[in-house]
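Below you'll find the structure, written out as structure tokens, and then a few comments.
This structure is a prediction, so every number in the text was calculated from the model and none was measured.
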Amino acid sequence: MNEQKKPSTLYANYDFWIGDWDVSWKEKNGDKGKGRNTITKILNGNALQEKFIVTDGAGIGFKGQSISYIEKSTNQWKQLWVDNRGISYEFFGDFQNGDPKFCTKSIERNGKTIFYRMVFKNISENTLIWDWEKSIENQQSWELIWRINYNRIEL
């Protein structure tokens, strides 16, 4: 009999994100931006694939995809993101104050050291909030750049 392994705690901690989501946010001009995000398990359940698209608002047509997985040698979540504007990021994940967070390594821009991070919070079965934040130099304070509200699509 082929015994199936239980997913590690880290894998199970990100199951909340799996599914089809309507996403929305408040744009700088006050309008509402909208999109869709679909997250599925791939590679025999060893990774999550994200497919994000902006369907309405200033960023219409913006698309991105990510692969999230646990790096076996470090037992740490990683995410690789790439979008149709030619931007890519590598994130490293953990939990801080109970919220899942993915943070970049330092990025040097215009003589400054910048870090970006994603924070998932207010997670429930059918909703969550995703924040995109930036820190310059010290990672002690974070500036909110983009807040996305997720609402699960019932198929």
Smallest separation among heavy atoms of [X] and [Y], with atom names:
X: S66; Y: Q79; answer: OG-NE2, 3.4 Å
X: S141; Y: S135; answer: O-OG, 2.9 Å
X: A47; Y: I67; answer: CB-CG2, 4.1 Å
X: Q76; Y: G93; answer: CG-O, 3.4 Å
X: K63; Y: D83; answer: O-CB, 3.1 Å

According to side chain to side chain donor-acceptor pair (under 3.5 Å), who are the partners of N149, at least two apart in sequence or on a separate chain?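 For N149, no residue satisfies side chain to side chain donor-acceptor pair (under 3.5 Å) once neighbours in sequence are set aside.
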
Cationic N near anionic O, under 4.0 Å, K34 to D22: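 No, K34 and D22 are not salt-bridged.
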
Side-chain contact test, heavy atoms from C-beta onward, threshold under 4.5 Å: evaluate it for [X] versus [Y] and give yes or no.
X: I87; Y: V82; answer: no
X: P100; Y: W17; answer: no
X: W21; Y: I39; answer: yes
X: I70; Y: N75; answer: yes
X: I114; Y: K134; answer: yes
X: V119; Y: W142; answer: no

For the atom pair [atom1] ([X]) and [atom2] ([Y]), what is the distance rounded to the nearest 0.5 Å?
X: Y69; Y: L43; atom1: OH; atom2: CG; result: 11.5 Å
X: N151; Y: E154; atom1: CG; atom2: CD; result: 10.5 Å
X: R152; Y: I18; atom1: CZ; atom2: CD1; result: 9.0 Å
X: F115; Y: Q140; atom1: CZ; atom2: CD; result: 10.0 Å

Using the rule given for ring-ring contact (aromatic ring centres under 6.0 Å, His included), can you reason through F102 versus Y116, listing the C-alpha separation, both sets of side-chain angles and the distance that settles it, and then say yes or no? CA-CA 8 Å; F102 285 92; Y116 292 100; over 10 Å; no

Hey, mind stepping through Q49 and S68 against side-chain contact (heavy atoms from CB on, under 4.5 Å) and telling me if it holds? CA-CA 7 Å; Q49 181 177 36; S68 301; over 6 Å; no

Does a side chain donor of either N46 or N44 reach within less than 3.5 Å of an acceptor in the other side chain?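 Side-chain D/A pair, N46 to N44: absent.
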
Could you walk me through whether R36 and D20 satisfy the salt bridge (Lys or Arg N to Asp or Glu O under 4.0 Å) test, starting with their C-alpha distance in whole Å, then the side-chain angles of each, then the deciding distance to 0.1 Å, before giving a yes or no? CA-CA 7 Å; R36 182 158 181 167; D20 292 304; 3.6 Å; yes

Is a side-chain donor or acceptor of S106 paired with a backbone partner of T113 at a separation under 3.5 angstrom?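 No, the answer is negative, given that no donor and acceptor are paired below the 3.5 Å cut-off.
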
Given 3.5 Å as the limit, does a donor-acceptor pair link the side chain of E27 with the main chain of A58, or not?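 Present.
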
Under 3.5 Å, which donor-acceptor pairs link side chains of residues 123-133 to any protein atom two or more places apart or in another chain?
residue : atom : partner : partner atom : Å
S124    : OG   : T127    : N            : 3.2
S124    : OG   : T127    : O            : 3.3
S124    : OG   : T127    : OG1          : 2.7
D131    : OD1  : R147    : NE           : 2.7
D131    : OD2  : K121    : NZ           : 2.8
D131    : OD2  : R147    : NH2          : 2.8
E133    : OE1  : R117    : NE           : 2.5
E133    : OE1  : R117    : NH2          : 2.9

Applying the 4.5 Å side-chain criterion to the ILVMFWY set and letting contacts propagate, would I136 and L144 be lumped into a single cluster?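 Hydrophobic grouping puts I136 apart from L144.
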
Are Y150 and I53 co-members of a hydrophobic cluster defined by side-chain heavy atoms under 4.5 Å apart?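 Each belongs to a different hydrophobic cluster.
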
With side-chain contact (heavy atoms from CB on, under 4.5 Å) as the test, would you mind laying out the steps for T38 and F52 before giving the verdict? CA-CA 7 Å; T38 300; F52 181 88; over 6 Å; no

ring-ring contact (aromatic ring centres under 6.0 Å, His included) for W77 and F92? Distances and angles first, verdict last. CA-CA 6 Å; W77 266 98; F92 301 88; over 10 Å; no

Can you list everything that forms a ring pair (Phe, Tyr, Trp, His ring centres under 6.0 Å) with W25? Sequence neighbours excluded, please.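 In terms of ring pair (Phe, Tyr, Trp, His ring centres under 6.0 Å), with neighbours along the sequence ignored, W25 is linked to W146.
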
How far apart are the C-alpha atoms of F62 and N84, what are their side-chain angles, what is the distance that settles it, and do they pass the side-chain contact (heavy atoms from CB on, under 4.5 Å) test? CA-CA 7 Å; F62 174 76; N84 64 344; 3.6 Å; yes

Intermediate values then yes/no, side-chain contact (heavy atoms from CB on, under 4.5 Å), K78 and E90: CA-CA 7 Å; K78 287 190 175 180; E90 182 177 14; 4.1 Å; yes

